[in-house]
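Here is how names work: the chains are called A, B, and so on, in the same order as the sequence lines, proteins then strands, and each is numbered from 1.
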2 protein chains.
Amino acid sequence: MSIDKKVTLIGAGLVGSLLSMYLAKRGYQVSIFEKRPDMRKAEYAGGRSINLALSHRGFNGLAAIGLADEIRKVGIPMYGRVLHQANGDVQYQPYGKEGEAIYSVSRGGLNKKLMELADADPNIHITFEKNCIDVDIKNGICHFEDQQTKEKSSVQSDLILSADGAFSAARLALQTKSERFEYSQSYLDQGYKELTIPAGPNGTYLLEKEALHIWPRNNYMLIALPNLDGTFTCTLFFPFDGEVSFNSLKTREQVQAFLSKDFADVFAISPQIVDEYMANPNGSLVTVRSYPWSYEDKLGLLGDASHAIVPFFGQGMNSGFEDCFELGKLMDQYPGDWKTILSEFQISRKPNADAIADMALENFIEMRDKVADQKFLLRKKIEQKLSKLYPDNYISKYSLVSFGTAPYKDALAMGFKQDALFKEVLAIPEIENNWDSPEATQKIEQLLKEFGFING
Amino acid sequence: MSIDKKVTLIGAGLVGSLLSMYLAKRGYQVSIFEKRPDMRKAEYAGGRSINLALSHRGFNGLAAIGLADEIRKVGIPMYGRVLHQANGDVQYQPYGKEGEAIYSVSRGGLNKKLMELADADPNIHITFEKNCIDVDIKNGICHFEDQQTKEKSSVQSDLILSADGAFSAARLALQTKSERFEYSQSYLDQGYKELTIPAGPNGTYLLEKEALHIWPRNNYMLIALPNLDGTFTCTLFFPFDGEVSFNSLKTREQVQAFLSKDFADVFAISPQIVDEYMANPNGSLVTVRSYPWSYEDKLGLLGDASHAIVPFFGQGMNSGFEDCFELGKLMDQYPGDWKTILSEFQISRKPNADAIADMALENFIEMRDKVADQKFLLRKKIEQKLSKLYPDNYISKYSLVSFGTAPYKDALAMGFKQDALFKEVLAIPEIENNWDSPEATQKIEQLLKEFGFING
């Protein structure tokens with residue numbers, strides 16, 4: 001089959017922009033249609049979190065177009081979590097081994113960079129402010145509405161790739177017009193709101209710079225990621241309804257009373273969060289699952305369009321970039337044979353998308369709730385030790401997800417095995433006091449053998 | 001609040017037609033818009049199963065408009081299941097106590113009857129061939145397309161009730177235009193195809209008339225329900241893909257070889273099923289879950305529009321009629337206060353819709369697979385005995401669903417309790433041989449006490 005097909009790509013977001021270069025590198029003519037105005041020309045106002053944690057899978061996807069090192073340089077490495085407990089205690093948990101970090105990067109900055117590179121490629125053409133409103137999946141026709149003129153237009157092409165996000169028009173067409181399409185959208189009872197911590201004098205950081213900060217409060221939490229200018233972008237994850245919720249905290253007084261009490265250390269350095277709380281919108285947190293992700297050799301979905309996940313494992317963008325990487329491998333394996341490429345892609349990728357969706361939901365509980373639990377903190381300490389003692393045999397689920405490229409589904413399965421191990425480890429008498437003792441170490445080693453982590 | 005609101009009702013199917021009378025009885029002016037032509041004027045060609053099992057909840061819904069007795073007279077009572085095993089063995093399992101039956105009724109006949117009654121009511125007006133293509137939920141506007149002229153029209157009303165089935169336009173509007181709408185559609189890997197068994201000489205029945213017939217074959221099954229004219233309507237539930245599937249059996253020869261071997265007794269009396277297999281379409285089996293089922297006081301969903309289920313418990317129509325009954329109670333409790341009516345309705349009804357969806361999926365396994373299992377048959381025999389010995393204390397899940405009005409969620413919970421009981425009962429040594437002995441009866445009584453079914 002020929003590979004000089006024309007590809008219509010819906011969406012110039014992070015995944016769409018990156019994907020266009022994977023296609024152009026392989027000789028495709030790519031026409032991207034993006035709903036929003038060109039973010040390079042105006043102040044970026046995406047309404048979404050303005051920094052993101054880029055980890056190994058994301059860099060791996062960027063490396064294929066030679067962009068990993070450049071982005072790493074403008075990202076801020078976060079080597080671990082700093083936990084700010086309600087009683088004022090502060091703990092530090094390294095994410096991985098020495099030198100392993102996830103990187104705080106600007107969403108807008110990364111997207112603009114990807115767009116610039118795409119735009120510079122003669123095989124890629126981006127048209128802005130064209131909202132995809134429907135897709136005729138059988139005939140390969142995308143219908144657009146101009147955001148300014150409201151004029152309708154249509155584009156027919158050999159192949160449509162859809163990276164138009166969690167509310168994808170192409171996916172809706174599959175849902176409403178194809179046979180037996182599996183689909184679910186499910187929201188958390190909690191939403192989010194963005195707040196900020198300002199820079200100190202001369203762009204200094206008022207909190208530890210190279211870390212992701214968490215203020216776990218059981219039913220809700222605040223997190224903060226560093227920006228290059230000394231500020232932190234905070235996200236408050238908070239119930240929509242209930243006694244302490246977006247719905248119950250409405251007046252400035254209520255908000256100030258709450259934030260100054262529950263997040264006293266943040267409020268102390270960042271009293272304007274009350275104004276931000278009042279001014280900023282509440283976002284919602286959706287998990288989207290769908291299948292299949294393609295229609296014959298005519299249409300394929302990638303990224304959030306097929307598998308939107310909640311942000312608590314920091315893997316939304318990373319899994320989308322890994323989608324590009326995996327699709328790229330299949331494009332090389334079956335040049336031009338899009339029926340096979342799309343079919344193989346969805347078969348191998350769907351279980352991994354489901355796995356990271358599950359792990360992201362689990363991690364919400366871990367971040368807001370378990371990180372304040374002594375048993376959980378103990379487990380993290382012991383895991384850290386095991387990772388050092390058995391670097392090839394004990395790799396935590398977090399590390400498998402964030403610092404490796406093993407399929408997400410294998411990371412999920414390993415997580416269950418590690419949970420089973422730690423159920424036993426944490427049941428060792430007095431473990432909280434003697435976990436680092438030779439006796440405990442010997443018992444843990446025995447358990448590692450029993451569970452098959454190491455040979456025995 | 002006033003109750004002289006104008007109601008737009010989408011769909012004149014079973015639920016929509018019945019619901020219109022619940023509304024008219026309470027003083028509402030109801031305009032029904034139905035996609036299909038008037039089924040009373042043409043041969044009914046619904047493409048759906050042409051008979052249905054009406055059980056207690058359905059009759060209860062009909063009784064409120066005085067229609068239960070009339071329908072019972074034209075239905076055929078099915079007092080139990082006749083199992084036709086692969087080896088030719090035939091077993092009978094009564095569904096309930098003596099006199100308890102589910103009723104085989106004609107879908108088209110019942111729908112026409114409901115439509116006639118609705119049409120005769122001066123407060124109800126039905127317009128046919130108006131396909132609801134979109135709903136403006138905030139402004140209470142339904143957009144229709146005429147099926148003949150393709151002309152578009154719109155209707156604004158105080159209240160929209162949507163009974164437009166599993167692919168409801170109103171529900172799609174909620175999914176795509178409201179905040180945080182929970183939605184899933186999921187299909188079984190198996191589909192269905194309708195076949196028939198002809199009447200014998202002079203309209204006699206070639207199989208036991210007053211029963212639901214099942215030919216369980218593990219991964220697939222055939223069922224048959226009697227019609228008034230001596231025929232049976234059969235449904236083959238069959239995998240779409242795989243070694244033995246709709247996709248693998250394509251030629252007339254393959255189909256005949258399969259049906260004459262796996263359903264030899266049916267083929268013997270009904271050889272034209274091969275032609276029917278070749279001619280009839282394959283249907284798919286969807287479960288739809290959604291929430292919320294309403295938007296303020298402007299829009300409410302009922303029946304399949306909010307909770308489509310698979311047909312294996314025979315509760316699709318019955319649960320829809322119960323929706324009408326429950327909504328009717330709330331209309332009386334909060335006259336004209338639709339915000340409260342719709343809110344209370346969804347809060348109380350959603351867990352029951354989820355429960356019957358789960359039980360319907362479970363029952364698929366039971367019908368195609370477990371009914372061929374000796375342990376399962378033994379359980380049914382013992383359950384039958386317990387129902388007689390303790391009519392108030394041991395009521396099987398099947399009876400709770402089909403012969404009572406206890407909330408579905410309570411039936412589901414009771415089912416789990418009964419499963420736990422029977423795990424113990426079936427572990428009694430030699431139970432398969434001595435289940436009816438005084439010793440076994442005593443042991444079972446002891447277990448009934450332990451599990452709290454009877455006082456001890």
Heavy atoms from other residues, nucleotides or ligands near [atom1] of [X] exceed 12 (cutoff 6.0 Å):
{"X": "A/Lys298", "atom1": "NZ", "result": "yes"}
{"X": "A/Lys350", "atom1": "NZ", "result": "yes"}
{"X": "A/Lys177", "atom1": "NZ", "result": "yes"}
{"X": "A/Asp189", "atom1": "CG", "result": "no"}

- Query: Is chain A contacted by the side chain of B/Phe181, its backbone, both, or neither, given a heavy-atom distance below 4.5 Å?
  - Reply: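 Both backbone and side chain.
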
- Below 4.5 Å from any heavy atom of chain B, which atoms of A/Thr176 appear? Answer side chain, backbone, both or neither.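 Just the side chain, heavy atoms under 4.5 Å.
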
- Query: Considering only heavy atoms, which portion of A/Leu172 lies under 4.5 Å from any heavy atom of chain B: side chain, backbone, both, or neither?
  - Reply: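 Side chain only.
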
- Task: List the atom of B/Tyr183, the atom of A/Tyr183, and the distance in Å for their closest heavy-atom pair.
- Result: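 Closest heavy-atom pair between B/Tyr183 and A/Tyr183: CD2-CD2, 3.7 Å.
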
- Main-chain N/O of B/Ser184 paired to A/Gln185 side chain as donor or acceptor, under 3.5 Å: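 No; judged by distance alone, with no hydrogens or angles, the pair does not exist.
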
- Determine the option with the most heavy-atom pairs under 4.5 angstrom with chain B, choosing from A/Arg180, A/Gln175, A/Glu179.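 Answer, by heavy-atom pair count under 4.5 Å with chain B: A/Arg180.
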
